[in-house]
Each structure stands twice: as structure tokens, then as C-alpha cells.
Amino acid sequence: MINQSNAKGLKGISRAVLIAVITFILSIAVFASTALAGLAAQYNVEIVIDSNDAIVITTNETEPIEILAQANITLADSDKLDISNFTSGEGGTIKIDKANSINIEFDKVINTYTLYEDTVGEALESLGIKIAPNDKINYELTAPVQDGMVITISSSKSVTLKADGKTAKYAIHQGTVADLLSLAQIELGKDDYTKPSLDTELKANMAVTVYRVEYKTVTKKEAVAFKTTIQKDPSMNEGTQKVVSDGVKGEDEVTYEVKYVNGKENSKKETERKRTSEPVNKVVKQGTKKVVTTTAAPAEVKSNGVKSRNGYTVGQKITGRYTHYCACATCNGNSRGITSSGKKITNGMADPYYVACNWLPLGSVIKVDGKNYTVVDRGGSGLSTVGRIDIFTPEGHAACYRYGTGSCSIEIVRLGW
């Protein structure tokens, strides 16, 4: 049998405990709900720096700056922030492009640039710098850009090398002529040389020539000139001479040291000379006898009444043409040398200063280049040009010319006989 009073107390206690338990459970549920709500607010964000360094951070921050601060990343004023692929509260990628200062040395000249490109190749392209196939660079084009880096570019030089009969072009970045020969595997002998010299710095479009030097001993025979001995002879007229005996050249055997440059003789030095035959002098007799010459007056010839053409007068000066003849044995078509005036033209005549003229009367005297001549024949009719004269002279070698014409100064001294 149950005690009613105890049963009543037990019910009271159980109710109170039940309420407490329910309250506790509700408290736990509220706490769990709050905790789960907090966990649901966090998300992942990728941070990429210069397309190379990347980190992932879990955050419940919604602002990019706060997210970067949580990752201990501070932006510089020159940095670029790209959040085009980031969604607040959901995640994505925040990209940072940092400004880098790089130095470019091009053919020993250094310039500094600030840029945002990520690789060396991209940086050079943005600056408009093109790398030629033969250029030399100290970084790969795919290498990352680093702040303060020095990129060295050496442009190749095209130089021409001429050696041993061959010509070739070489691309070389730096060095001297000696470096070029080493590249071309060309060795110099003890006397060989180059132009420019071996220590000359190479420049674009330079031409380098190798000169091969060789010395040889050469022996040859050389003629020795003879001298002329003059013997005075009083029995011979002054101004004449006669060869007594001809000269004969002698001969020397001469040894030379000859320098050849690239196969051609450049210079030579005599090292020995030996006389193998002596020269024989030429002997000439020279006249010393004084000769007195007289000029006889031309024989009188009766005037034939021919008057000067075109009104020529004494004292008149003209410029004409004349023809030199050797001593003439045929005059006026006469094989005996008889002229129109009756004068006979012979070698050694008393007065050799005669001319043939068809434009002045016979017997007229004209001065040709300072010397008086008498008109004794009617030559020159083959040409109608006024002023032509034919000169007769027995002087042979002294005034013997091939037939031809030449200008002269003529002055009329006398007309007719």
C-alpha cells in the first residue's frame, strides 16, 4: 500500500527536475546553434602575389584589406590589388601585383625601370626591348622579376675576318682581335701580324685582316751600266761627234733577303753583291774645230709679174700652216729638183732657206717663226688654204719630219724679187 503523502512529494520533485533538464537541454541547443552558425560564416580565400607566391587563408572577414591584414600582408602605395575573382563571404582569389624596380644594362649602359610584369621576357616586351638571336642575356626570359635585379644584355657584333685567302663573318659580343682569332682557331707565326692590332677592342662591322709574313733568300743577276768616255778631236767640226767603240754592260750577282706578305713581295734587302763581269766604257770623239758659216744672197731671178693674192702687203703678219719636208730632190714635178723660179734644191746648197708658196710672188721673202725664207716654188697648190707653205731644208735629221701640218707665225718681209 502506498503512502499517499510520499507519493505526492515524489511527484513534486520529479516535475522540478524535469523542468531543469528541459532548460538545460534548451541551453545546449541554443549554444550548439550559435556555434554552428559561427562555423558556417568562415570561408577560404586564395592570395596570389605576382602570379608566383600563393597562400590560402580561412577567414570570416568580408573586406579584402582585413583579409590581407589577417595574412600579415601590407600593401605598398605602388601595389595593384585585383579582386575581380573574389566574392565577399564566399571566397575566391585576391591578386596582388607588386611594383618592382629593375636595372637593365645594355652594351655597358644601365637604365632603371619600375614595372608590374612577372617575368623577364614580359618586362622586356613591355619596355619595347627585343632580343636578337645572337644577343646574350644573363637571365632566362621565363625567370621571375625580382626587385632590384640587374638584367645584362650584350648585343653581338658582326666582324669580318680575312685570313689565308678566306673571308668569314663572326658574331661576337665582346673582346679583342686576339679573342676573334681564338674563336676562329687561327694561329699567328712569329712574324705574322694583324690589322687592327691584336689588343684592339672589337666593334660592329669591323674588318680584321691577318698578314702572313715569310722571308726568302733570292739571288739574281743584274746589269751594270757602262760609262761614256769623251775624246776631244780638233780635226772634227764643233758640234759633231763620232762613236769610236760601243759600250758593254757588266754584270753583278746580287743576293737579297726578300720579305713576302700574304704571298706578295713587300720589300727586299741586299745582303751580298759579287761582280761577275766588268762593264766596258763607250768611247766617243767630239769635234772642237770652229766652223764659220756664211749665207750667200739668192741668185737674181727675173720677176714673172705674179702679184700677191688677196692684197698681202709688206710687214703684214698672219698665222698660217706649213709643212716640213726633208731635203727635196723633186720640185714642181721636176725630178732634178728645179723650182718654178729656176732655183735648184739640193742638199748642201749655199742658201737652204727656201719655201714653196702659191699665194705670194716668186722671190718674196717671209719670216717664219723668226727665220727668213725665199719663195722659189709654187708648191702648196694641193690645198687652197691661204697661209700654207712648204719648207725645203737639207738639214736631214735636224729638220726632217713626217708629212703633216702645223701652225706658225708668218711675216711678209718682201714681195717679189
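For the single chain, residues carry numbers from 1 onward in sequence order.
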Chemist: Verify whether one side chain among Gln286 and Lys232 offers a donor that lies under 3.5 Å from an acceptor in the other.
Modeler: yes
Chemist: Could you verify whether a donor N or O on one side chain and an acceptor N or O on the other, from Thr219 and Thr255, lie under 3.5 Å apart?
Modeler: yes
Chemist: Is there a donor-acceptor contact under 3.5 Å linking the side chains of Lys162 and Thr167?
Modeler: no
Chemist: Taking all non-hydrogen atoms of both residues, which atom of Pro361 and which atom of Leu415 are closest, and how far apart?
Modeler: CD-CD2, 4.1 Å
Chemist: Could you tell me whether the side chain of Val45 reaches within less than 4.5 Å of the side chain of Val56, counting heavy atoms only?
Modeler: no
Chemist: Whether the side chain of Asn138 engages the backbone of Val150 through a donor-acceptor N/O pair (distance < 3.5 Å, no angle test) should be reported.
Modeler: yes
Chemist: Do Ile57 and Asn44 come within less than 4.5 Å of each other through their side chains, counting heavy atoms only?
Modeler: no
Chemist: Using atom types as modelled and distance alone, determine if a side-chain donor or acceptor of Thr313 lies under 3.5 Å from a backbone N or O of Gln316.
Modeler: no
Chemist: Would you say the side-chain atoms of Ser88 pair up with the backbone N or O of Thr62, donor to acceptor, closer than 3.5 Å?
Modeler: yes
Chemist: With a 4.5 Å cut-off on side-chain heavy atoms, are Leu75 and Ile65 touching?
Modeler: yes
Chemist: Does Asp252 come within less than 4.0 Å of Lys274, counting only side-chain N to carboxylate O?
Modeler: no
Chemist: Are more than 12 heavy atoms, taken from residues, nucleotides or ligands other than Lys282, located less than 6.0 Å from that residue's NZ atom?
Modeler: no
Chemist: Is Glu238 salt-bridged to Lys290, going by a charged N under 4.0 Å from an acidic O?
Modeler: yes
Chemist: Looking at side-chain heavy atoms only, is the closest gap between Lys130 and Asp135 below 4.5 Å?
Modeler: no
Chemist: Donor-acceptor check, side chain of Asn262 to backbone of Arg212, threshold 3.5 angstrom: yes or no?
Modeler: yes
Chemist: Minimum heavy-atom separation for Gly189 and Asp192, please, with both atom names.
Modeler: N-OD2, 2.7 Å
Chemist: Is there a donor in the side chain of Thr112 and an acceptor in the side chain of Asn103, or the other way round, less than 3.5 Å apart?
Modeler: yes
Chemist: Ignoring hydrogens and geometry beyond distance, is a side-chain donor-acceptor pair present between Asp199 and Thr176 at under 3.5 Å?
Modeler: no
Chemist: Within 45 degrees of the ring normal and closer than 6.0 Å to the centroid, is that where the cationic atom of Lys269 sits relative to Tyr256?
Modeler: no
Chemist: Between Glu253 and Thr276, do the side chains contain a donor N or O and an acceptor N or O under 3.5 Å apart?
Modeler: no
Chemist: So, for Glu251 and Lys221, which heavy atoms are closest and what is the spacing to 0.1 Å?
Modeler: OE1-CD, 3.5 Å
Chemist: Ignoring hydrogens and angles, tell me if any N or O in the side chain of Ser364 forms a donor-acceptor pair with the backbone of Gly416 under 3.5 Å.
Modeler: yes
Chemist: Do you know which two heavy atoms are closest between Asp233 and Lys285, and how far apart they sit?
Modeler: OD2-CD, 3.5 Å
Chemist: Would Lys80 count as a cation-pi partner of Tyr116, with NZ or CZ less than 6.0 Å from the six-membered ring centre and within 45° of the ring normal?
Modeler: yes
Chemist: Which heavy atom of Asn281 sits nearest a heavy atom of Ser245, and at what distance?
Modeler: O-OG, 4.3 Å
Chemist: Only one of Asp77, Asp79, Asp118 clears salt bridge (Lys or Arg N to Asp or Glu O under 4.0 Å) with Lys98; which?
Modeler: Asp79
Chemist: When you measure from the side chain of Arg414 to the backbone of Gly363, do you find a donor-acceptor pair of N or O atoms at a distance under 3.5 Å?
Modeler: yes
Chemist: Give a yes/no verdict on a cation-pi contact between Lys195 and Tyr211, requiring under 6.0 Å between NZ or CZ and the six-membered ring centre and an angle within 45° of the axis.
Modeler: yes
Chemist: Considering residues, nucleotides and ligands other than Glu222, do more than 12 of their heavy atoms fall under 6.0 Å from its CD?
Modeler: yes
Chemist: Distance only, no hydrogens: is a donor on one side chain within 3.5 Å (strictly under) of an acceptor on the other, for Thr59 and Gln70?
Modeler: yes
Chemist: Please check: side-chain N/O of Tyr43 versus main-chain N/O of Glu61, any donor-acceptor pairing under 3.5 Å?
Modeler: yes
Chemist: Any donor-acceptor pair under 3.5 Å linking the side chain of Glu66 with the backbone of Glu63?
Modeler: no
Chemist: Any side-chain heavy-atom pair from Val159 and Asn205 closer than 4.5 angstrom?
Modeler: no
